[in-house]
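Have a look at the structure below, then the notes.
Below, chains carry the letters A, B, ... as their sequence lines are ordered, and counting in each starts from 1.
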2 protein chains.
Amino acid sequence: MRRPTLHAVAARAGVSKSSVSRVINGEPTVAPAIREIVMAAVAELGYVPNGAARNLVTQRTNTIAIIVSDPPAGLVSDDPMFAMVVRAASRELESAGKQVSLMLAGSDESRLRVEKSLAAGDVDGAILVSMDGADPLPAILSRTGLPIVSHGRLATPGLMPWVDNDNHGGATAAVQHLLAQGRRRIATISGPLDMTAAQERLTAYRETLKDTGRRSIVALGDFTRISGADSMRQLLEDDPDLDAVFAANDLMAIGALRTLRQAGRRVPDDVAVIGFDDIEAALYAAPALTTIRSPMTAQAVQTTQLLLNLLTHGSADPVVLPTELIIRESA
Amino acid sequence: MRRPTLHAVAARAGVSKSSVSRVINGEPTVAPAIREIVMAAVAELGYVPNGAARNLVTQRTNTIAIIVSDPPAGLVSDDPMFAMVVRAASRELESAGKQVSLMLAGSDESRLRVEKSLAAGDVDGAILVSMDGADPLPAILSRTGLPIVSHGRLATPGLMPWVDNDNHGGATAAVQHLLAQGRRRIATISGPLDMTAAQERLTAYRETLKDTGRRSIVALGDFTRISGADSMRQLLEDDPDLDAVFAANDLMAIGALRTLRQAGRRVPDDVAVIGFDDIEAALYAAPALTTIRSPMTAQAVQTTQLLLNLLTHGSADPVVLPTELIIRESA
DNA sequence: AAGCGGTCAGGGAACGTTCCCTGAGGCAGA
DNA sequence: TCTGCCTCAGGGAACGTTCCCTGACCGCTT
């Protein structure tokens, strides 16, 4: 009781398998009468072309890998970025008729798996999501010659096209907003410095403060809520007189709000807080979080389009998307 | 400049392709001398077996589909559930040596794509995530005869094994906690009623209140923050004297907190709020959210294991995981 | 009326594996 | 020494498509 093959359909319809193949693939050079009889046989037998056989002969799989760097297991990872980026990219790929293969790249073992899978021809191309700068994967994978794009700029330039948002401009706007409010001791909670987004946001913070002759106060987080809370505690200890904090993403800003609340500091009266990303939770924070909106969904969509272009036209250029200051209550 | 094939490796090593195949697949019946010479040739040529050819002849793909119901495009969807479940299931599948194919099932079109893909033999099995009861997909897919399991109980029983958490027990505990605090007018914000989790939580709420002779006050949400905020507004309008709210998930509870804050009600003094799920954001809410912990990661892991069992042993039974009351500040 | 071009169906090789089957060779037992 | 068994390498069919190439047939032009 096997699934019907092209051959079975051809026999049923009384035509050659070439003709059936032509009908299935919508080729125009087939007589209406034959087309009809074949379609009837297909419907009758419930025929669906075998994917593996097709992949083998065409040397393509119609599948795109979404490769996401995975934190060590056990870590809480309800990262809104993951959900939004993976969802948006998948949607876009699916409506372009591509299948989506999700690969997590955490351990060395999993990185090897990814490498083999691309080498095995399991996919036609790949989207790399938020690789950190220390990760050797982008360099290795770019050597396969497959079309690959990156969601987020890579530490090593020139390996592949990418789409990122204007981290430098956004962070500059954030710090300038705090300065414009008359804040004098402005600290920052940075992301992990092996990620370019974290680097760019930190650099912009430093440069903007330097221009006004103020000193930097930096705590190092890792883009999670808990690291934001911890970093905020640290900052309060180091510099009890600070009156503003720029967190390199909203998750850490939300963690910082919690610490400030526990420490009895009023936001924004005692300490202003500004985040980055404008995730939905920012609107529901207490007080509602002032932040820099980064177009997450648009970025994912553009990254996908970049790959699709690369697939069809063979070339693609990096893209930088603008950010926007969203003023709410926290700063 | 093609990628090397089994044939090329065989020629290079001076053995038959059968022997190479045996070495690649780790079969024991091969002489050490041959094994060594083959491995050397493999390394030298950088050979990686072609996935499509292997899939074709073995009639298996080593790929599992994760099928997630997708809200209409445009909707904000940073759902922590998506991230945690997809991540945990992927990790588990990958460490079992399976590839992961992610499929979104939103529109009729995408549902058809999923159906065809399973029929085409693109995957060896599938995990359905949080299908709503109105979705015809589970019934259709279960007819393919492929091993399929569901993350979350389905409306139609018996179609396939599933793993769920104890929604009824959890919701009962939540309402009893509010009662024990002396709350008298306890409202609920329900999830979308075509999802079994929402149904079960609502039923438990109703039954528990009925046992103490109190009346139900129900608003209908859809598991998003904004619907929680809207429903809370509605509830305050309908019954200004309510002194407690049980939200069917944390996201809606967080939305409700915002509305209460805007309405000037103190939590928990004026109104107690309790959620469900214990997502990480619950800890960072202001006030910190009392909630029912549902073991999201464990549920995803167990669902995956259930599928892997089904694949190897051919049978599997439904699983219900316990929940736990987490008392914080909001109730 | 004959030739030529164009349209469209069919045959069959090829894609790169796995796996069954055959058979070679070696070793032990009689 | 010969037979028989056991181990292990090689040959080749099969998996289910696509696509190239051949050739039939029809209609139009000269």
What residues 46-56 of chain B contributes to the DNA chain D interface at heavy-atom separation below 4.0 Å is B:Leu56
Polar side-chain atom of B:Thr312 near backbone of B:Leu308 as donor-acceptor pair, under 3.5 Å | yes
Mind checking the CE-CG spacing from B:Met131 to B:Leu137? Nearest 0.5 Å is all I need.
-> 5.5 Å
Is the closest side-chain heavy-atom distance between B:Leu102 and A:Ile66 below 4.5 Å?
-> no
Pair A:Arg113 + A:Glu109, salt bridge at N-O below 4.0 Å | yes
Polar side-chain atom of B:Thr304 near backbone of B:Ala300 as donor-acceptor pair, under 3.5 Å | yes
Around atom CD of B:Gln59, are there more than 12 heavy atoms of other residues, nucleotides or ligands at under 6.0 Å?
-> yes
A:Gln299 side chain vs A:Val163 backbone, donor-acceptor pair below 3.5 Å | yes
With a 4.5 Å heavy-atom cut-off, do A:Asn55 and A:Arg60 have their side chains touching?
-> no
Can you tell me the distance, in whole Å, between the CZ atom of B:Arg60 and the P atom of C:dC19?
-> 8 Å
Per atom distances to the B:Leu6 side chain, the nearest of C:dT17, D:dT17, C:dA9 is C:dT17
Over 12 foreign heavy atoms within 6.0 Å of CZ, A:Arg12 | no
Over how many whole Å does the gap from B:Arg35 atom CZ to D:dT7 atom C1' extend?
-> 14 Å
Check the interface with nucleotides 25-28 of chain C: list each N/O to N/O pair with the protein under 3.5 Å, or write none.
none

Does atom CD of B:Glu36 have more than 12 heavy-atom neighbours, drawn from other residues, nucleotides or ligands, at distances under 6.0 Å?
-> no
Please tabulate, for the side chains in residues 115-129 of chain A, all donor-acceptor contacts under 3.5 angstrom to protein atoms that are two or more places apart in sequence or on a different chain.
from     : atom 1 : to       : atom 2 : distance (Å)
A:Ser117 : OG     : A:Asp122 : OD2    : 2.9
A:Ser117 : OG     : B:Gln99  : OE1    : 3.3
A:Asp122 : OD2    : B:Gln99  : NE2    : 3.0
A:Asp124 : OD1    : A:Thr61  : N      : 2.9
A:Asp124 : OD1    : A:Thr61  : OG1    : 3.1
A:Asp124 : OD2    : A:Thr61  : N      : 3.4
A:Asp124 : OD2    : A:Asn62  : N      : 2.8

Checking A:Arg3 against A:Tyr47: charged group under 6.0 Å from the ring centre and within 45 degrees of the axis?
-> no
Bending between helix ends of the helix from C:dA1-D:dT30 to C:dA30-D:dT1 [5 pairs per end, 10° resolution] | 50°
Starting from C1' on D:dG16, measure out to CZ on A:Arg3 and report it in whole angstrom.
-> 10 Å
For D:dT18, does either OP1 or OP2 sit under 4.0 Å from a side-chain N or O belonging to A:Gln59?
-> no
Output the residues of residues 16-29 of chain B in contact with DNA chain D, where contact means a heavy atom of the residue under 4.0 Å from an atom of the strand; sort by number or write none.
-> B:Ser16, B:Lys17, B:Ser18, B:Ser19, B:Arg22, B:Thr29
Ignoring hydrogens and angles, write down the donor-acceptor pairs under 3.5 Å from the side chains of residues 146-154 of chain B, residues two or more places apart or on other chains.
from     : atom 1 : to       : atom 2 : distance (Å)
B:Ser150 : OG     : B:Gly152 : O      : 2.6
B:Arg153 : NE     : B:Glu200 : OE2    : 2.7
B:Arg153 : NH2    : B:Glu200 : OE2    : 2.7

